[in-house]
Amino acid sequence: MPNPKRFLPPMSALRALESFERTGNVTQTGLELGVTQSAVSRQLKLLEEYLETPLFMRDKKSIKFLPAARTYCTQVRAALDQIGTASLRLKANPAGGQLNIAMLPAFGVRWLAPKLPDFVARHPEVTVNLSTRLRPFDFAVEPFHGAIHFGQKDWSDVAYHELMREYVVPVASPKVAGALRGTTVSDVFSLPLLHLDTRPDAWENWARALGEDLKCPAGMLFDQFASMIQAAIHDMGAALLPTYLVENELQDGKLVALWSESKTSIGTYYFVWPKDEPNHQPRDLFVNWLAEVQR
């Protein structure tokens, strides 16, 4: 396998490339990096020589990126950002480990965040970093030690720790609920239906769990529960929502349940991590802590 160090250009040249692509100006790049215009030009030329590949089209008055160079710069920028983030996290917690978790926003805010202070109090040596991811991803190319996953055990090559089953209920504003013609699933489906883009089959799965095999009509699409809840409150349609997310809205009357039973589940929340990855102590502590708080 080739030694990747052979293909690593000087950091100063990479920083000059990233800054020049972003600013579009050699003078501005020099000011940003604290060097002269000629020094910037030398760094860009050095990079071309190192890569043995032309990156720019030059004339007497300007220097412009070639298309392949812009693609290369996008990847360089991502790598520099990752180095910067890693350095920041090390500086923030030089004595302990990092635990980077990809979370689903609604579940993270309502279920995980209120519990996290207990983990932090027990393990102050661990810095927990939370980022949002809405879909499964490849742990090999993402900087995460674990993730919150909803649905079935359909994420390949991961270990699972079950957190909780999710129960859902169809809800709507009092105005929209007033248009309901009856008490069947078909009657609910006759209303304008709101959809979450990461759960395109949620309404049909709910109907199937109740013994009905119905085709769900199209409707407005949302990327997060928070915006879909607000749309339901403001008379935009009926939403199929986790019961734990709408307890307050149901209690204060902003939303009403369209179905008397709220023990229908269409999936489970899991904490997942790469099953073949070596043990990571902060993650092991976290999984053990999850088991304790669920007792």
Side-chain angles (χ1 to χ4, degrees), residues 101-113 130-139 142 144 146-156 158 160-173 176-177 180 184-250 254-272:
I101 298 175
M103 69 172 187
L104 300 171
F107 184 81
V109 169
R110 294 292 185 96
W111 191 90
L112 181 59
L130 302 176
S131 299
T132 297
R133 289 294 186 278
L134 301 179
R135 293 178 174 82
F137 52 85
D138 185 353
F139 277 102
E142 293 273 9
F144 294 108
I148 304 297
H149 173 59
F150 172 79
Q152 312 305 320
K153 291 186 176 181
D154 53 6
W155 191 330
S156 61
V158 301
Y160 291 84
H161 175 88
E162 183 173 329
L163 298 174
M164 61 173 272
R165 288 192 65 77
E166 179 191 88
Y167 298 98
V168 294
V169 61
V171 299
S173 68
V176 172
L180 196 63
T184 68
V185 175
S186 295
D187 292 322
V188 174
F189 274 31
S190 71
L191 297 173
L193 300 183
L194 310 180
H195 302 264
L196 194 70
D197 64 359
T198 54
R199 300 186 183 186
D201 302 323
W203 280 106
E204 292 174 355
N205 290 340
W206 173 74
R208 199 171 295 115
L210 296 171
E212 300 280 352
D213 191 8
L214 298 176
K215 183 68 175 177
C216 180
M220 292 182 65
L221 195 63
F222 298 84
D223 67 348
Q224 293 195 26
F225 278 126
S227 54
M228 189 160 70
I229 291 172
Q230 290 304 309
I233 289 173
H234 291 91
D235 309 322
M236 298 301 294
L240 187 66
L241 294 166
T243 53
Y244 75 90
L245 287 182
V246 289
E247 292 173 346
N248 294 336
E249 289 80 2
L250 290 171
K254 291 180 180 178
L255 294 172
V256 295
L258 304 178
W259 201 256
S260 58
E261 184 269 331
S262 60
K263 287 297 181 182
T264 302
S265 176
I266 60 172
T268 300
Y269 287 99
Y270 300 94
F271 180 70
V272 303

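Because the structure is predicted, anything quoted here is derived from the model rather than measured. By convention here, the first residue in the shown sequence is residue 1.
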Going by the angle between their ring planes, with limits at 30° and 60°, are F144 and F137 parallel, tilted or perpendicular?
tilted
Does any part of the side chain of I148, heavy atoms only, come nearer than 4.5 Å to the side chain of L163, both counted from C-beta?
yes
Any side-chain heavy atom of F225 within less than 4.5 Å of one from P105?
no
Can you list, pair by pair, the side-chain donor-acceptor contacts under 3.5 Å of residues 206-220, counting residues two or more places apart and other chains?
| from | atom 1 | to | atom 2 | distance (Å) |
| --- | --- | --- | --- | --- |
| R208 | NH1 | N205 | OD1 | 2.9 |

Here the pair of heavy atoms bringing L196 nearest to M228 is N-SD, 4.0 Å
What closest approach, in Å, do M103 and G108 show between heavy atoms, and which atom pair accounts for it?
SD-CA, 3.7 Å
Assess whether side-chain contact (heavy atoms from CB on, under 4.5 Å) is satisfied between D197 and R135, documenting all intermediate values.
CA-CA 10 Å; D197 64 359; R135 293 178 174 82; 3.9 Å; yes
Is it the case that R199 places NZ or CZ above or below the six-membered ring of F150, under 6.0 angstrom from the centre and within 45 degrees of the axis?
yes
Taking the side chain from Y160 and the backbone from H149, do they hold a donor-acceptor pair closer than 3.5 Å?
no
Could you give the side-chain donor-acceptor pairs of residues 235-244 under 3.5 Å, partners two or more places apart or in another chain?
| from | atom 1 | to | atom 2 | distance (Å) |
| --- | --- | --- | --- | --- |
| D235 | OD1 | S173 | OG | 2.6 |
| T243 | OG1 | Y167 | O | 3.4 |
| Y244 | OH | Y269 | OH | 3.1 |

V171 and its side-chain contact (heavy atoms from CB on, under 4.5 Å) partner, picked from V176, L194, L250
L250
Please check if any side-chain donor atom of S190 sits under 3.5 Å from a side-chain acceptor atom of D187, or the reverse.
no
